[in-house]
Amino acid sequence: MSRRPGFPARMPGSAAAPVATRPPQPAPQPQAPRGHGLDSQAVRQRMVHKLAAQGVADARVLEAMGQVERHRFVDSALVNQAYEDTSLPIGLGQTISKPNVVARMVELLLGGQAEADGRLGRVLEIGTGCGYQAAVLARVAREVYSIERLRGLHEKARENLRHFRLSNVHLLFGDGMLGYPKGAPYAGIIAAAGGEAIPATWVEQLAVGGRIVAPMLTATGQQALVVLERTPREVKQTVLEAVHFVPLKSGIA
Ligand code: SAH
């Protein structure tokens, strides 16, 4: 059965719902989700409570994380780990980021401009991977352009996302180091792979008032999360916590 998820979807997220009154810790062991949204909804809600306890505060992000069925993006052997706070292999040596890293980065991205409806405008994602984060972004932004340099993963993401029928997600096969000029300017650019610097093309394709959220190697040789904000006068860079992302590579394969 493949039913289109309602948008904006109703979640049992109000304070009166029983699931919301449960203390976040200790978390019960997640059960293996059985494939369809309703089976895994409670498990996802537990993940959302944990994210909130870890400091994710933006209601739009928590709602999106509660809606997207992460178990549809991982291999069947890993399904029972889909809602644990862990990164998981998605093939070709790449990984799907931990839920709290996805939530944290999307929250930082939303810290920038938002349209009147509380959504971001056009967003560019570098590194589609399995497509999970693209599905989360689709719920907080008007349009999502997502680029992947590995053909195998680009096709896997297309397959994974088919079920969700997200008409505002545009999957592109190519080198994300070059950005995607046709969709520019972007209200936000988010990267799931880290290089030695933020490519100048991303800054050029960023709207004034927009933000780039990406991992980057810092002077000490460690990877950290970086936020670039473009104001009318300057580009402001903030270096945040240490992270561990796969390398940003040029070219396609
Ligand atoms: N957001 C993804 C995370 C995938 S891991 C998810 O939810 O699954 C990061 C991805 O970035 C990998 O698939 C890797 O192939 C890709 N990548 C690395 N360098 C890239 C580049 N220059 N252009 C596009 N994708 C790139």
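First listed ligand is number 1; within each ligand, the first listed atom is number 1. For the single chain, residues carry numbers from 1 onward in sequence order.
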Fill in the blank from the handout: for atom 6 (C) of ligand 1, nearest protein heavy atom and its distance come out as Thr128 O, 3.5 Å
Problem - Element-labelled atoms of ligand 1 that are located less than 4.0 Å from some non-hydrogen atom of Glu125 - result: 1 (N)
Problem - Glu107 bridged to Arg104 by N-O distance under 4.0 Å - result: no
Problem - ligand 1-proximal atoms of Pro247, by part, heavy-atom distance under 4.0 Å - result: backbone
Exercise for the section: Consider only side-chain heavy atoms of I, L, V, M, F, W and Y, link residues closer than 4.5 Å, and tell whether Leu248 and Val246 are in one cluster. Expected result: no
Problem - atom 12 (C) of ligand 1 - nearest protein heavy atom and its distance - result: Gln94 OE1, 3.3 Å
Practice task
Take atom CD of Glu234 as the centre, draw a 6.0 Å sphere, and report whether it contains more than 12 heavy atoms from other residues, nucleotides or ligands.
Solution key: yes
Practice task
Determine, using heavy atoms of Ser146 and all atoms of ligand 1, whether some pair is separated by less than 4.0 Å.
Solution key: no
Fill in the blank from the handout: Among non-hydrogen protein atoms, atom 7 (O) of ligand 1 lies closest to Gln133 N, 3.1 Å
Problem - Sequence-distant partners of Tyr180, ring-ring contact (aromatic ring centres under 6.0 Å, His included), two or more places apart - result: Tyr145
Problem - Same apolar cluster: Val227 and Leu225, side chain cutoff 4.5 Å - result: yes
Practice task
Look at atom 23 (N) of ligand 1 and say which protein heavy atom is nearest, naming residue and atom and giving the distance to 0.1 Å.
Solution key: Gly176 N, 2.7 Å
Completion exercise
Honestly, for Leu153 the part within reach of ligand 1 (heavy atoms, under 4.0 Å) is side chain
Problem - Atom indices of ligand 1, in the order listed, that fall short of 4.0 Å to a heavy atom of Ala193 - result: 11 (O), 18 (C)
Practice task
Before accepting this row, confirm whether a basic side-chain N of the pair Lys156/Glu148 lies closer than 4.0 Å to the acidic partner's carboxylate O.
Solution key: no
Practice task
State, yes or no, whether a side-chain contact exists between Arg122 and Pro185 at a heavy-atom distance under 4.5 Å.
Solution key: yes
Practice task
Scan for side-chain hydrogen bond (donor to acceptor under 3.5 Å, both in side chains) pairs involving residues 126-138, sequence neighbours excluded, and state none if there are none.
Solution key: Glu125-Gln133, Thr128-Ser146
Handout entry: For atom 9 (C) of ligand 1, closest protein heavy-atom neighbour
Key = Ala192 O, 3.3 Å
Practice task
Would you please say whether a donor-acceptor pair under 3.5 Å links the side chains of Tyr83 and Arg70?
Solution key: no
Problem - Shortest protein contact, atom 11 (O) of ligand 1 (heavy atom only) - result: Gly127 CA, 3.1 Å
Exercise for the section: Could you tell me whether the side chain of Asp75 reaches within less than 4.5 Å of the side chain of Pro89, counting heavy atoms only? Expected result: no
Completion exercise
Quick note on ligand 1: atoms under 4.0 Å from a heavy atom of Leu150 include exactly 15 (O)
Exercise for the section: Under 4.0 Å from a heavy atom of Met177: give me the atoms of ligand 1 that qualify, with their elements. Expected result: 22 (N)
Fill in the blank from the handout: atom 5 (S) of ligand 1: closest protein heavy atom, distance to 0.1 Å, is Thr95 O, 3.1 Å
Exercise for the section: Have a look at Lys249, Glu148, Arg149 and point out the one with the heavy atom closest to atom 22 (N) of ligand 1. Expected result: Lys249
